[in-house]
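In the text below, chain A, chain B and the rest are named by the order of the sequence lines, each starting its count at 1.
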Protein chains: 2
Amino acid sequence: MDKEKIDKKDHILDVAERVFSEKGFDGASTRLISGEAGVNMAMLNYYFGSKEGLFLAIFERKISSFQDILQNLGNDDSIGAWNKMEKYIEMYGEKVVNNNCFQKLLYQEMSMNRSTDLSYKLRDMLMKSITELDKILREGIANGEFKKDIDIPMVIAALYGTKNYIINTPMMSSPLLGYDINDDNMIETRLKPQIKSFMKNLLKSYLHN
Amino acid sequence: MDKEKIDKKDHILDVAERVFSEKGFDGASTRLISGEAGVNMAMLNYYFGSKEGLFLAIFERKISSFQDILQNLGNDDSIGAWNKMEKYIEMYGEKVVNNNCFQKLLYQEMSMNRSTDLSYKLRDMLMKSITELDKILREGIANGEFKKDIDIPMVIAALYGTKNYIINTPMMSSPLLGYDINDDNMIETRLKPQIKSFMKNLLKSYLHN
DNA sequence: TTATATCAATCAATCGTTTGATTAAGTTTG
DNA sequence: CAAACTTAATCAAACGATTGATTGATATAA
């Protein structure tokens, strides 16, 4: 029954991820989480030790899948920097729809500005993607593809910030964009292409000579 | 003693604004807030009725000062759309440093995606600024200053999202930018000029023909 | 039997809130 | 002026409710 156990733990983590992202860590009670997951309250402590242990487990589960996704993109010499940027934006835009709850939760935790092991681990994880993007931008400057005076940190902030703004504040972005951001179908058919297209156009005109 | 009473209420609101922005609504206990403010716990209920009343009072106080700041900018026919954009970015960038805690709190509340009176009121408040920006962009398209195929909602999202990303996740943006985002002096001397300059350059190249 | 899984019941701690007493400050009255 | 009254401000203490966590009993499966 090892399979079922893992499935049940995974189910709890799925539910907890959603509830935490909706209510925040303090706002989500263990009773609510266990209730929504359809398990006894004591199961949370049985499986994860504590509420914080459950919270950490949500991130532990995802961190591995976030590794090496954007890896070895900056080390490829066969394509130009702008091509790499486009690939980065493509892959990045693809991850927008998936892991919606987790992205929200991740950003929420980073906003707390806590000096915890989790925060540092998440920062390091995110920094890996950012470093890759930084590498691409530097390469583009070095080989003359991009202007010399572009503001690399701000480009990165614009890319990540724009996405976060849209998915974290659907109450603003939905009327702004004209469709429901909470609708998975809309995200797939409209938001993803729109973000990708806009980011490419926006950065193309800014970066290029 | 009306003066002193207002000052004390204002002091409590200042402290509560900071504590709420740091810990979130549920994470900030009334004991902590009253303790940090140096007042008896019962004073919070005496002045504001309840914890939620205190929370609301924080926004009520600021909402008025957010009105008409970006007003009648879009109705001025004497200057071009791009000039208006620059003015908007200037004013907007200026508000970055001020109301740092409040901006964080505001974004936090909007991220909760709650269907409360407060959320709707805040949305309407923010929409006023956005509508003004929208008007400027449409005007620029209409008079040929800007390209016809610019993505207006995404431009708005990029402008607001970039700022939010930087001030809400100092743990990321500080190492990224190379200076401490939590330092008020650094915000004034470096961040504000950098955001303004970048946003102008970024949008100029994207919007213009 | 042994080990794991699940449950209702309960724990101490903390939460937001209320209370009743006390102080401070004005206002009225004699 | 001063004594009496009124109102607002402040406080320590306690309230009931909810929190995260634990217990010991029970069920299940190897």
Side-chain angles (χ1 to χ4, degrees), chain A residues 1-61 105 108-109 112 114 116-119, chain B residues 1-61 105 108-109 112 114 116-119:
Chain A
M1 297 297 103
D2 203 27
K3 181 181 170 297
E4 282 193 17
K5 188 185 72 179
I6 292 178
D7 284 355
K8 173 164 281 191
K9 285 181 72 169
D10 246 35
H11 171 63
I12 293 176
L13 287 172
D14 286 338
V15 172
E17 185 178 309
R18 177 178 56 79
V19 176
F20 274 133
S21 77
E22 287 170 353
K23 308 251 182 183
F25 180 80
D26 296 292
S29 72
T30 54
R31 280 171 179 78
L32 177 61
I33 295 172
S34 60
E36 297 246 332
V39 300
N40 189 279
M41 208 175 46
M43 289 292 94
L44 302 189
N45 296 289
Y46 180 73
Y47 282 131
F48 306 103
S50 66
K51 183 186 184 182
E52 191 178 343
L54 168 62
F55 192 67
L56 293 173
I58 294 171
F59 290 96
E60 296 290 352
R61 183 176 64 151
L105 192 55
Q108 217 174 82
E109 178 61 21
M112 281 283 139
R114 287 194 276 218
T116 61
D117 289 345
L118 174 62
S119 283
Chain B
M1 300 297 106
D2 203 28
K3 181 181 171 297
E4 283 191 17
K5 188 184 70 180
I6 293 178
D7 285 353
K8 172 163 282 191
K9 285 182 76 168
D10 245 36
H11 171 64
I12 293 176
L13 287 172
D14 286 337
V15 173
E17 184 178 310
R18 178 177 56 79
V19 177
F20 275 133
S21 78
E22 287 170 355
K23 309 251 181 186
F25 180 80
D26 296 290
S29 71
T30 55
R31 281 171 178 78
L32 177 61
I33 294 172
S34 60
E36 297 246 334
V39 302
N40 189 278
M41 212 173 38
M43 287 295 94
L44 302 190
N45 298 83
Y46 180 73
Y47 281 130
F48 307 102
S50 66
K51 184 186 183 182
E52 192 178 345
L54 169 61
F55 192 67
L56 294 173
I58 294 172
F59 290 95
E60 296 290 352
R61 183 177 62 156
L105 192 55
Q108 219 174 78
E109 180 61 20
M112 282 282 140
R114 287 193 277 214
T116 62
D117 288 344
L118 174 62
S119 283

Original post:
What class does the angle between the rings of B:F25 and B:F55 fall in, given that below 30° is parallel, 30 to 60° is tilted and above 60° is perpendicular?
Top reply: perpendicular
Using atom [atom1] of [X] as one end and atom [atom2] of [N] as the other, report the distance to the nearest whole Å.
{"X": "A:N40", "N": "C:dA8", "atom1": "CG", "atom2": "P", "answer": "6 Å"}
{"X": "B:Y47", "N": "C:dT18", "atom1": "OH", "atom2": "P", "answer": "17 Å"}
{"X": "A:M43", "N": "C:dA9", "atom1": "CE", "atom2": "P", "answer": "16 Å"}
{"X": "A:K51", "N": "C:dT14", "atom1": "NZ", "atom2": "P", "answer": "15 Å"}
{"X": "B:R31", "N": "C:dT18", "atom1": "CZ", "atom2": "C1'", "answer": "12 Å"}
{"X": "B:K23", "N": "C:dG16", "atom1": "NZ", "atom2": "P", "answer": "13 Å"}
{"X": "A:M41", "N": "C:dC11", "atom1": "CE", "atom2": "C1'", "answer": "11 Å"}
{"X": "B:K9", "N": "D:dT10", "atom1": "NZ", "atom2": "P", "answer": "12 Å"}

Original post:
Does A:K8 have a side-chain nitrogen or oxygen under 4.0 Å from the phosphate oxygens OP1 or OP2 of C:dT6?
Top reply: yes
Original post:
Which nucleotide sits closest to the side chain of A:S29: C:dA5, D:dT19, C:dT17?
Top reply: D:dT19
Subject >> Nucleotide nearest B:T30 when distance is taken to its side chain, options C:dT17, D:dG20, D:dA8 >> reply: C:dT17
Original post:
How do B:E52 and A:A42 order along DNA chain C: which one's closest nucleotide is nearer the 5' end?
Top reply: A:A42
Subject >> A:E52, CD atom: more than 12 neighbouring heavy atoms under 6.0 Å >> reply: no
**OP:** Considering non-hydrogen atoms only, spot the tightest contact between B:I33 and B:A28 and give its length.
**Re:** CD1-CB, 4.2 Å
Original post:
Charged N to carboxylate O under 4.0 angstrom, A:D26 versus B:K23?
Top reply: no
